[in-house]
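Worksheet: one structure, shown below.
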Amino acid sequence: LGKAALRRGEFEVARGQLEQAVERLIHRHPNPVTGEAHYVLGLTRRWLGEAEDAYASLYKATWNYEWRSAAYYQLATIDCQRSDWRSALGHLEASLDTNRQNNKAVVLKAMLDLILGFEHRVGAWFAEREGPASKALSVTSTLAILFLSKFVILEVIDIVFGDDVELGGLIEVVLLVIALMVANRAF
């Protein structure tokens, strides 16, 4: 009933029914047979703007293998909205560890790896050159790649996923790519 109410856009009704379903499921055991009710409750709470409660419900759904990839992906999107890039990357990896065929996660990761790889190649090319002009061009090209890649990421995400994925604005995407660059260099 909760899923049907959610599909009809009756979020308050869906939340009430899903909370009852979760209570019935966990009455005798904290980890019920399926994580579906927790997952759908998390989605409902997210639609209602209750990010903290949604996060908790989605996290609870991750214990169940059937819902693990989807729940971790949703957690990563909430992390992105919060600009918590390290957690987003961790949840994205957990999602992909469970299901390497999660197309949304794969496309986003591939794009970011491509852009970061290009930035590293350009940086390496300039590192081989000597002189102040090459250093200045290195810094300028890195900044240009960093800046222009954000528009590419935002446009591809919009074309491929439409309204299903929201990374935020230009500032958030710049911070995401900087975090990924730092993370890639740290490992």
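Throughout, residue positions are numbered sequentially from 1 according to the sequence presented. Keep in mind the model is a prediction, meaning the values are calculated, not measured.
- Both Val22 and Leu18 are part of a single hydrophobic cluster, where members link through side-chain heavy atoms under 4.5 Å apart.
- With rounding to the nearest 0.5 Å, the separation of CD in Gln20 from CZ in Arg15 is 12.0 Å.
- Nearest approach of Trp67 to Thr34, heavy atoms of both residues: NE1-OG1, 3.4 Å.
- Hydrophobic clustering (side-chain heavy atoms under 4.5 Å, transitive across Ile, Leu, Val, Met, Phe, Trp, Tyr) groups Tyr59 together with Leu48.
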Worked verdict on Leu41 versus Gln17 for side chain to side chain contact (heavy atoms under 4.5 Å, CB included): CA-CA 9 Å; Leu41 178 59; Gln17 291 174 340; over 6 Å; no
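- Not counting sequence neighbours, the partners of Trp47 by the ring-ring contact (aromatic ring centres under 6.0 Å, His included) test are Phe11.
- Considering every non-hydrogen atom in both Ala54 and Gly42, the closest pair reads CB-O, 3.3 Å.
- Among Ile78, Leu58, Asp79, the single residue meeting the side chain to side chain contact (heavy atoms under 4.5 Å, CB included) criterion with His91 is Asp79.
- Remark: Glu66 engages no residue in a side chain to side chain donor-acceptor pair (under 3.5 Å) (not counting sequence neighbours).
- Note: Leu43 CG to His38 NE2 = 13.0 Å, rounded to the nearest 0.5 Å.
- When atom types are taken as modelled, the side chain of Ser69 and the backbone of Ser95 share a donor-acceptor pair closer than 3.5 angstrom.
- Heavy atoms only, all atoms of each residue included: Asn102 and Tyr73 are closest at ND2-CB, 3.8 Å.
- A search for side chain to side chain donor-acceptor pair (under 3.5 Å) contacts involving Ser57 returns Arg45, not counting sequence neighbours.
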Side chain to side chain contact (heavy atoms under 4.5 Å, CB included) between Thr62 and Leu75, intermediate numbers included: CA-CA 10 Å; Thr62 64; Leu75 289 168; 4.0 Å; yes
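- Residue Pro32 comes nearest to Ile26 through the heavy atom pair CD-CG2, 4.0 Å, listed as atom of the first residue, atom of the second, then distance.
- Partners of Gln101 under the side chain to side chain donor-acceptor pair (under 3.5 Å) rule, at least two apart in sequence or in another chain, do not exist in this structure.
- Applying the side chain to side chain donor-acceptor pair (under 3.5 Å) criterion to Asn99, with sequence neighbours excluded, gives no partner residue.
- Between Arg100 and Glu93, at least one side-chain N (NZ, or NE/NH1/NH2) sits under 4.0 Å from a carboxylate O, which counts as a salt bridge.
- Listed by first and then second residue, the side-chain hydrogen bond (donor to acceptor under 3.5 Å, both in side chains) pairs involving residues 21-32 are Asn31-Lys60 (not counting sequence neighbours).
- Although no hydrogens or angles enter the test, the distance criterion places a donor-acceptor pair under 3.5 Å between the side chain of Arg68 and the main chain of Trp63.
- Taking both residues in full, the closest heavy atoms of Ala14 and Gly2 are given as CB-O, 3.4 Å, listed atom of the first, atom of the second, then distance.
- One hydrophobic cluster, built from ILVMFWY side chains closer than 4.5 Å, holds both Tyr55 and Tyr39.
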